[in-house]
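Ligands are counted one by one from 1 in listed order, and the atoms in each one are counted from 1 as well.
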Amino acid sequence: MPSVYFSSKPSAMGFSLLSRSFFLILFHFHSTLSSSAPPPLCAHHQSLSLLQFKQSFSIQTIPREYLPSFHIIQYPKTESWKEGTDCCFWDGVTCDLPTGLVTGLHLSSSMLHGTLHSNNSLFSLHHLRKLDLSFNNFTTSHISSRFGQFSNLTHLNLSSSSFTGQVPSEISHLSKLVSLDLSWNGYQDLQLISFDKIVRNLTKLRELDLSSVDMSLVVPGSLMNLSSSLSSLRLDDCGMRGKLPSSMGKLKHLRYLDLGGNFLSAEPVSLYKIVQNLTKLRELALDSIDMSLVAPNSLTNLSSSLSSISLSGCGLQGKFPGNIFHLQNLEALSLSYNEGLTGSFPSSNLSNVLSDLDLSNTRISLYLENDLISSLKSLRVMCLRNISIIRSDLALLGNLTNLMSLVLSNNNLNGQIPSSLGNLVQLSSLDLSDNNFSGQIPSSLGNLVQLFSLDLSNNNLSGQIPSSLGNLTQLTVLVLSNNNLIGHIPSSLGNLIQLSTLHLMNNNFSGQIPSSLFALPSLIYLDLHSNNLRGNISEFKHDSLRYLDLSNNNLHGTIPSSIFKQQILAVLNLASNSKLTGEISSSICKLKNLLVLNLSNNSLSGSTPPCLGNFSNLLYVLHLGMNNLQGTMPSTFSKDNGLKYLNLGENKLEGKISPSIINCTVLEFLDLGNNKIEDTFPYFLGTLAELQILVLKSNKLQGFVNGSAAYDSAFSKLQIFDISNNNFSGPLPTRYFNGLQAMMASDHNMIYMRTTNYFEFVYSIQMTWKSVEIEFDKIRSTIRILDLSDNSFTGEIPKVIGKLKALQQLNLSHNSLTGHIQSSLGNLTNLESLDLSSNSLTGRIPTQLGGLTFLGTLNLSHNQLEGPIPGGMQFSTFNATSFEGNLRLCGFPVLKKCYRDGDPEQSLPPSYNEGEDSTLFGDGFGWKAVAMGYGCGFVIGVAMGYIVFRTKKPAWFRRMVEDTWNINKKKTRKKVGRRK
Ligand SMILES: *[C@@H]1O[C@H](CO)[C@@H](O)[C@H](O)[C@H]1NC(C)=O
Ligand SMILES: *[C@@H]1O[C@H](CO)[C@@H](O)[C@H](O)[C@H]1NC(C)=O
Ligand SMILES: *[C@@H]1O[C@H](CO)[C@@H](O)[C@H](O)[C@H]1NC(C)=O
């Protein structure tokens with residue numbers, strides 16, 4: 001029986017890029033030995049070296065989403081290596097026939113996992129000529145300098161194998177190298193310093209791929225030292241800076257050139273020289289190179305041999321040259337992300353081999369009509385995201401039956417999704433997201449059995465998910481979020497055993513989550529939030545989850561214990577199901593990779609697992625608020641923990657505030673409000689330098705709140721300080737007020753408070769805003785609130801409060817404050833809400849308060865204030881309730897007239913005779929002013945958006961979705977012009 005091995009073709013040794021991703025890598029059978037010749041015995045020591053090599057790695061698949069193509073087949077070749085058999089017959093091994101020496105190792109995609117040390121037996125295989133270790137996981141190994149000892153090596157491929165560190169200069173000893181590929185070992189995790197040395201010695205080099213190797217220290221000019229016989233040069237995303245050297249034109253034999261993703265700029269003259277001299281060029285990729293000085297029509301003399309042109313994101317401006325499309329060999333063209341590129345796409349005379357077309361994010365217009373469709377018959381990839389105009393009969397697309405990828409997102413397309421798309425049975429990827437498609441999802445999409453990605457999100461689709469989608473057994477990514485889909489989630493989705501991402505959030509799905517979803521073996525991202533799903537959460541049958549969001553539904557029952565087995569789980573969000581009951585098992589602390597844990601707004605009871613404070617330093621969001629948790633808060637927070645958001649508010653927690661919380665040195669948000677905590681003021685929180693929000697309201701805290709000299713810079717970043725409804729006593733904490741730097745300076749950044757870690761988490765909070773308790777779904781970074789109400793503070797309002805100029809809400813009500821209202825409050829020009837009610841304040845209302853133009857809510861009631869209510873636009877908008885219970889106040893809007901000297905008529909009790917109202921407008925205010933004043937305060941309060949109610953698509957989801965596909969999407973964009 002002849003021995004066979006799998007090997008990728010030499011031409012496919014480079015990193016498999018996404019355009020190619022839609023094609024199976026061509027494997028070809030290659031017979032190493034003729035079946036008639038007697039098999040020569042493989043030298044024993046080589047056998048041994050190979051077996052030791054095999055033993056030094058475990059077998060582990062690379063998750064599909066890390067691969068540039070979902071079609072790369074991983075296969076453990078070394079499994080067939082058995083002692084006592086001839087190693088020349090082993091998978092992936094080739095021998096030199098007469099000598100039996102091992103000369104080739106072809107172990108691409110062989111699931112090798114582990115470190116490749118310098119003492120690995122691999123390095124005793126001195127006779128190697130070809131070595132391919134691509135698409136394995138050498139777990140951040142360094143490339144050993146011993147690679148330089150393979151003196152006869154002609155082909156070396158270490159791409160996509162998680163190598164890191166510096167490329168050893170010993171690679172320059174490999175003077176016989178014809179092909180070198182070190183590409184895509186992480187994004188610039190490999191660094192190349194000795195480029196000059198390497199290129200000078202490698203004079204035989206024909207193919208060089210260093211894509212994503214960090215070459216930031218290499219000057220572009222040194223590219224001209226490359227061997228002039230070079231035919232393929234790929235230096236994509238290498239971090240090179242400077243000008244594209246015109247001397248590149250010397251590499252006359254170049255057929256493939258990719259310098260995309262570098263910080264290079266092209267001057268018209270040098271680009272012209274390159275274009276003119278490289279007459280053999282078949283592929284040209286200069287994506288993201290700055291060509292803003294280049295007139296697009298100077299690209300007309302591109303070599304007619306070109307089959308692929310990729311100029312994505314080059315800043316090209318102006319009318320693009322229509323004759324590019326008349327290059328008769330053109331197979332792939334990407335002009336995407338040149339927002340300044342205009343023109344209309346020709347409908348005839350197109351290259352009849354054109355198969356990849358990406359015009360996304362340009363202003364090129366394209367008219368889908370019969371002529372065009374017949375000229376595009378051979379198209380396999382069509383990316384038309386965010387094109388200015390598509391005047392179209394979309395149903396015609398159903399004729400492009402060779403299409404493998406169709407992207408029409410973000411085009412304002414409306415009407416129904418044409419059911420003719422169901423004819424495109426070759427499709428791997430279909431993206432119709434961000435349009436206005438309405439009606440039902442055509443069930444014909446169930447014919448697209450090759451699909452691995454389907455994105456119909458952000459449309460107005462209605463009706464049910466057709467059960468035919470259950471036929472799409474190759475589907476890895478299914479995104480139907482942000483539509484109006486109804487009905488049950490079909491249990492046939494459980495047939496999609498490749499599914500890694502399922503996003504159905506923000507629809508109206510009802511009924512139970514089908515149990516088949518919980519059995520999906522490869523599910524990584526499951527997001528069903530904001531639907532009307534009911535019933536229990538079933539047990540997950542597998543442990544592949546990284547992201548689980550079932551929040552905002554009506555789920556009930558307990559948290560299934562299988563969730564605690566999801567070792568890679570990073571985000572667990574079961575918030576706002578209100579009916580989740582039972583205890584939080586301490587097994588949750590087994591989830592060492594958890595970043596976000598949100599179980600808020602449920603009916604969880606029992607105690608908080610003590611381990612939650614110290615089970616992982618990765619956790620940055622812990623939100624257990626709005627439950628029925630009892631006992632104490634976690635008492636031990638580990639050193640160097642990463643918590644930024646900690647919310648245990650609205651539970652029944654007792655005991656004290658754990659001092660070890662000071663280990664949460666990056667904490668920005670702390671809400672322990674609405675519990676039964678019995679303690680004094682936790683001064684130690686003053687050491688948390690990043691703290692922006694502190695809510696301790698409605699507990700049983702007591703004693704004085706005076707800052708001590710030890711924490712002079714305490715709370716300098718605090719934007720919300722809410723200790724209302726406790727039993728604090730003594731004077732107001734003047735020392736703290738002096739240090740509230742953030743409340744002294746307005747922030748004009750209109751962003752939401754959030755963590756910017758890998759999964760963005762937008763902060764939410766429940767609080768009293770203008771006297772109403774509101775759940776803030778998002779919090780503007782501009783917010784500034786000080787609330788010390790409902791305590792037993794005594795003494796005067798300190799003058800220093802006037803320094804907190806950025807305050808929007810100040811509440812000192814329901815205390816025992818005495819003395820006058822400080823006129824310095826008139827400095828708080830950003831104030832929208834001021835409540836000093838139910839104290840024992842005396843004297844007049846300072847006229848300065850009349851200048852607070854944003855003030856929309858004012859409550860000075862139930863004090864002992866006296867004299868006239870000041871004028872001013874804003875004051876005239878408040879009604880009498882703002883002032884009631886101050887018997888000695890007079891003037892509008894209370895009904896007591898002021899005497900000339902400003903004192904109220906002593907003898908009369910307050911009158912509620914409405915007939916008198918109009919007379920009170922006498923002193924300077926008309927109805928118009930009143931209406932405007934009110935309108936202004938109101939409009940600003942809302943328009944500034946401190947309160948943002950639940951919106952249909954929280955931004956962080958869009959971000960998250962993009963993050964998920966970041967790598968692949970970026971490559972789709974950039975690489976689509978690539979063809980091998
Ligand atoms: C490689 O293995 C390491 C360690 O097991 C793992 O963290 C990493 O995610 C793996 N990388 C890929 C691309 O599979
Ligand atoms: C390298 O190749 C040459 C010529 O084929 C051969 O003589 C020599 O033995 C080879 N060296 C090794 C270490 O295989
Ligand atoms: C060039 O290659 C030869 C082997 O062919 C080696 O002896 C020499 O050291 C190399 N030069 C550099 C600068 O690496």
Could you find the nearest protein heavy atom to atom 9 (O) of ligand 1 and give me its residue, atom name and distance?
Y66 OH, 4.1 Å
In this structure, atom 14 (O) of ligand 2 is nearest to the protein heavy atom H127 ND1, 2.7 Å
Consider every N or O of H113 and every N or O of ligand 1, then say whether any pair is closer than 3.5 Å.
yes
Decide whether S310 and S312 meet the rule of one side-chain donor and one side-chain acceptor closer than 3.5 Å.
no
Would C42 and C95 count as a disulfide pair, i.e. SG atoms separated by less than 2.5 Å?
no
For ligand 2, which atoms have a heavy atom of H126 less than 4.0 angstrom away?
13 (C)
Right, does atom 11 (N) of ligand 2 have protein non-hydrogen atoms nearer than 4.0 Å?
yes
Residue from H542, K541, E539 passing side chain to side chain donor-acceptor pair (under 3.5 Å) with S562:
E539
Is N262 reaching over with its side chain to a backbone N or O of C238, donor-acceptor style, under 3.5 angstrom?
yes
Ignoring hydrogens and angles, state whether a donor on the side chain of S134 or S160 is under 3.5 Å from an acceptor on the partner side chain.
no
Within the 4.0 Å heavy-atom shell around I62, which atoms of ligand 1 are there?
13 (C), 14 (O)
Would you kindly say whether T140 and S162 are connected by a side-chain donor-acceptor distance under 3.5 Å?
no
Report yes or no: do D214 and Y187 form a side-chain donor-acceptor pair below 3.5 Å?
no
Against heavy atoms of N152, which atoms of ligand 2 measure under 4.0 Å?
1 (C), 2 (O), 3 (C), 8 (C), 10 (C), 11 (N), 12 (C), 14 (O)
Determine if the distance from atom 7 (O) of ligand 1 to the closest protein heavy atom is below 4.0 Å.
no
Can you report which non-hydrogen protein atom sits closest to atom 3 (C) of ligand 1, along with the distance?
N137 ND2, 3.6 Å
